[in-house]
Amino acid sequence: MAIRKLNNQRTDARLLLEADGPVELPPAEVEEGALVVQFDNVRPFIPELLETLRAGTIAELVPVMLDGSTFAIHTRTRTFWVKLWHANGGNLSRIERAQVISCLPSTRGLQVIVGDEDDDETGDEFGADDFDEDDDDDDDEVGAPVNPQPES
């Protein structure tokens, strides 16, 4: 885990959290004003993110971002993509700024079942009579062309 020092307009510095894998975040002090949201439709879910950050959690890297500093924070009902800046000195228990990039409904623990639970184990939902595999007929009907062109 690396922490990159970023200087801003103020005289203090914030440290961007970077890692090669999941990071265990201890319970942290974070003010609501420290969260910056990219889209206003995320704003109603910010209290849930604050509660999770204040309690401590695991921050998992978002693999599609490839930057090593965008983390997924899982809450009770949502998954937030965030970048986190901590207080100078690398103290993970004080979050100076959090940028919320995305907020998605949580799918953790969700099991998707396609078809009926009564289907047999082979996954065959079609019977042998559902398909005509008899290609021996030479008198096949010719259908209309898919993209007919006007005759000139």
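In this text the structure is predicted, and so the values were computed from the model without any measurement.
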query = Do Leu17 and Trp85 have side-chain heavy atoms sitting under 4.5 Å apart?
reply = no
Across all chains, not counting sequence neighbours, the side-chain contact (heavy atoms from CB on, under 4.5 Å) partners of Ala34 are Val30
So the side-chain hydrogen bond (donor to acceptor under 3.5 Å, both in side chains) pairs with at least one residue in residues 51-62 (sequence neighbours excluded) are Glu60-His74
Taken to the nearest 0.5 Å, the spacing of Phe39 CZ from Cys103 SG works out to 11.5 Å
Quick note, salt bridge (charged side-chain N to carboxylate O under 4.0 Å, His left out) partners involving residues 25-37, not counting sequence neighbours, are Glu29-Arg94, Glu31-Arg94
For Leu61 and Ser69 the tightest heavy-atom approach is CD2-N, 4.2 Å
Ile58 and Pro22 have their tightest heavy-atom pair at CG2-CB, 4.0 Å
The remaining residues in the hydrophobic cluster of Val64, counting side-chain heavy-atom contacts under 4.5 Å among Ile, Leu, Val, Met, Phe, Trp and Tyr, are Val62, Met65, Trp81, Ile101, Leu104
Residue pairs passing the salt bridge (charged side-chain N to carboxylate O under 4.0 Å, His left out) test with at least one member in residues 72-93, sequence neighbours excluded, are Asp67-Lys83
Could you please spell out the steps behind the side-chain contact (heavy atoms from CB on, under 4.5 Å) verdict for Phe45 and Phe80?
-> CA-CA 9 Å; Phe45 306 107; Phe80 292 87; 3.7 Å; yes
Contact between Leu92 and Leu84 at the side-chain level, heavy atoms closer than 4.5 Å - yes or no? no
side-chain hydrogen bond (donor to acceptor under 3.5 Å, both in side chains) pairs touching residues 33-44, sequence neighbours excluded, are Asp40-Arg43
Applying side chain to side chain donor-acceptor pair (under 3.5 Å) to Thr77 and not counting sequence neighbours gives Glu48
Using a 4.5 Å side-chain heavy-atom cut-off and chaining through intermediate ILVMFWY residues, the residues clustered with Val36 come out as none
Could you tell me whether the side chain of Ile95 reaches within less than 4.5 Å of the side chain of Leu53, counting heavy atoms only? yes
Indicate yes or no: at least one non-hydrogen side-chain atom of Val100 is less than 4.5 angstrom from one of Leu35. yes
Heavy atoms of Ala59 and Leu25 approach each other most closely as CB-CD1, 3.9 Å
For Ser93, the side chain to side chain donor-acceptor pair (under 3.5 Å) test, sequence neighbours excluded, returns Asn91
